[in-house]
Novice: 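I'd like to ask you about the structure that follows.
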Amino acid sequence: MRAGLILSWTVIAVVLLWAVVPGLFTGYDPIAGVPVEKLQAPSGQHLFGTDAVGRDVFARVVHGAVNSLSGAFVAVAVGLLLGTLLGLLAGSLGGVTDAAVMRVVDVLLSVPGLLLALVMIILLGPGTVNVAVAVGVGSVAAFARLSRSEVVRVRRTDYVEAAFGSGGRFTAVLWRHVLPNSLGPVVALAALQFGVAILAISTLGFLGYGAEPPTPEWGLLIAEGRNYLATSWWLTTLPGAVVVAVVLAAGRISRSIAKESS
């Protein structure tokens with residue numbers, strides 16, 4: 001189990017380095033290709049092979065990490081901030097506010113996340129940032145429900161009641177005692193949602209709502225190779241394997257955080 005956690009952190013660290021310093025991992029241009037080298041199988045020269053216009057697929061995967069990861073970070077930030085705020089308000093105020101917020105959350109949870117993201121994209125328009133915001137809005141309900149349940153649990157503890165009994169202001173007690181002690185499971189969900197966001201952004205990129213060609217983006221790379229599945233399996237399999245590895249690594253890290261916070 002410990003080895004699996006170390007491997008998961010290693011995968012996340014590598015893809016983060018891809019996003020920050022791609023030049024350390026490949027010297028090939030992700031945009032310009034060499035037509036005479038098109039559709040070459042993986043080799044020592046081209047680790048992930050080349051695509052239909054002679055571009056190095058590994059270089060496109062490495063340079064595409066910045067688009068996929070930045071989109072996932074934006075999505076998680078939107079869901080985490082909005083969801084935690086709604087959960088904090090509902091759990092701390094209770095009464096009518098709690099009922100109203102949770103009914104809205106129930107409505108959002110009843111709509112499939114991908115469908116909700118597509119509706120948001122129709123309103124906002126395509127593009128990497130809009131896709132990230134749409135995916136983030138789709139995760140607000142999950143963050144709000146978990147945050148609300150944790151706030152209600154912490155709100156009833158003895159030390160919070162003692163803080164109120166000693167004259168502590170409502171907002172000060174929430175900020176100093178309730179919020180910090182209810183964030184553990186929420187952070188674990190954020191780690192899990194990071195992998196889910198990458199998968200959702202890649203799916204929407206595959207459908208054509210993300211980055212525009214020839215910009216490298218993981219979902220777009222898989223979409224570009226689908227017409228060559230019979231002859232050039234590496235165009236979809238290897239970028240897809242990277243997405244799967246990142247999603248599984250995020251899930252493993254999320255379980256570790258949840259175990260430590262319980």
Side-chain angles (χ1 to χ4, degrees), residues 1-20 22 61-84 108-109 111-118 120-121 128-147 183-207 209-211 216-223 236-262:
M1 296 297 291
R2 187 65 181 175
L5 182 59
I6 293 174
L7 179 61
S8 298
W9 278 112
T10 302
V11 169
I12 297 299
V14 169
V15 296
L16 286 176
L17 288 175
W18 284 359
V20 176
V61 170
V62 170
H63 285 270
V66 66
N67 294 312
S68 296
L69 295 185
S70 61
F73 278 120
V74 170
V76 171
V78 170
L80 178 63
L81 294 177
L82 294 181
T84 302
L108 292 176
L109 288 174
V111 181
L114 184 59
L115 178 59
L116 182 59
L118 288 173
M120 293 296 301
I121 290 173
T128 303
V129 176
N130 290 343
V131 166
V133 172
V135 173
V137 170
S139 66
V140 167
F143 280 105
R145 171 168 283 189
L146 178 61
S147 176
L183 281 181
V186 177
V187 173
L189 178 61
L192 178 63
Q193 194 62 35
F194 177 75
V196 174
I198 287 180
L199 188 60
I201 290 171
S202 298
T203 301
L204 294 171
F206 180 86
L207 296 175
Y209 294 106
E217 192 270 329
W218 290 348
L220 181 60
L221 294 182
I222 299 173
T236 54
T237 302
L238 297 181
V242 171
V243 173
V244 171
V246 174
V247 172
L248 292 177
R252 178 64 184 86
I253 293 171
S254 172
R255 291 195 300 272
S256 174
I257 296 174
K259 184 181 296 185
E260 292 178 359
S261 62
S262 61

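In this chain, residues are counted from 1 in sequence order. Note: hydrogens, waters and symmetry copies are ignored here, and every other heavy atom, side chains too, is used.
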Novice: Once you round to the nearest 0.5 Å, how far does CG of L207 lie from CG of L118?
Specialist: 7.0 Å
Novice: Looking at every heavy atom in both P22 and A19, which two are closest together, and how far apart are they?
Specialist: CD-O, 4.1 Å
Novice: Please give me the minimum heavy-atom distance between V137 and L116, naming the atom from each residue.
Specialist: O-CD2, 4.2 Å
Novice: What pair of heavy atoms forms the shortest contact from G71 to I201, and how long is it?
Specialist: C-CD1, 3.2 Å
Novice: I need the minimum non-hydrogen distance between I222 and P239, along with the two atoms involved.
Specialist: CG1-CB, 4.0 Å
Novice: Taking the inter-plane angle between the rings of F194 and F73 on a 0 to 90° scale, is it parallel (under 30°), tilted (30 to 60°) or perpendicular (over 60°)?
Specialist: tilted
Novice: Main chain of V61, side chain of W218: is a donor-acceptor contact present, judged purely on distance under 3.5 Å?
Specialist: yes
Novice: For A250 and A191, which heavy atoms make the closest approach, and how far apart are they?
Specialist: CB-O, 3.5 Å
Novice: Could you state the interatomic distance from CD (Q193) to CD1 (I198), rounded to the nearest 0.5 Å?
Specialist: 11.0 Å
Novice: Who pairs with V186 by side chain to side chain contact (heavy atoms under 4.5 Å, CB included), at least two apart in sequence or on another chain?
Specialist: L80, T84, F143, L146, S147, L183
Novice: For A65, is there any backbone N or O sitting under 3.5 Å from a side-chain donor or acceptor partner on S68?
Specialist: no
Novice: Quick one: do L5 and I253 satisfy side-chain contact (heavy atoms from CB on, under 4.5 Å)? Show the steps, please.
Specialist: CA-CA 7 Å; L5 182 59; I253 293 171; 4.3 Å; yes
Novice: Could you work out, with side chain to side chain contact (heavy atoms under 4.5 Å, CB included) as the rule, every residue matching I121, not counting sequence neighbours?
Specialist: V131, A134, L204, Y209
Novice: Roughly how far, to the nearest 0.5 Å, is the CD atom of E217 from the OG1 atom of T128?
Specialist: 6.5 Å
Novice: How far apart are the closest heavy atoms of V140 and V78, and which atoms are they?
Specialist: CG2-O, 4.2 Å
Novice: Kindly compute the distance separating CD1 (I12) from CG (L17), expressed to the nearest 0.5 Å.
Specialist: 11.5 Å
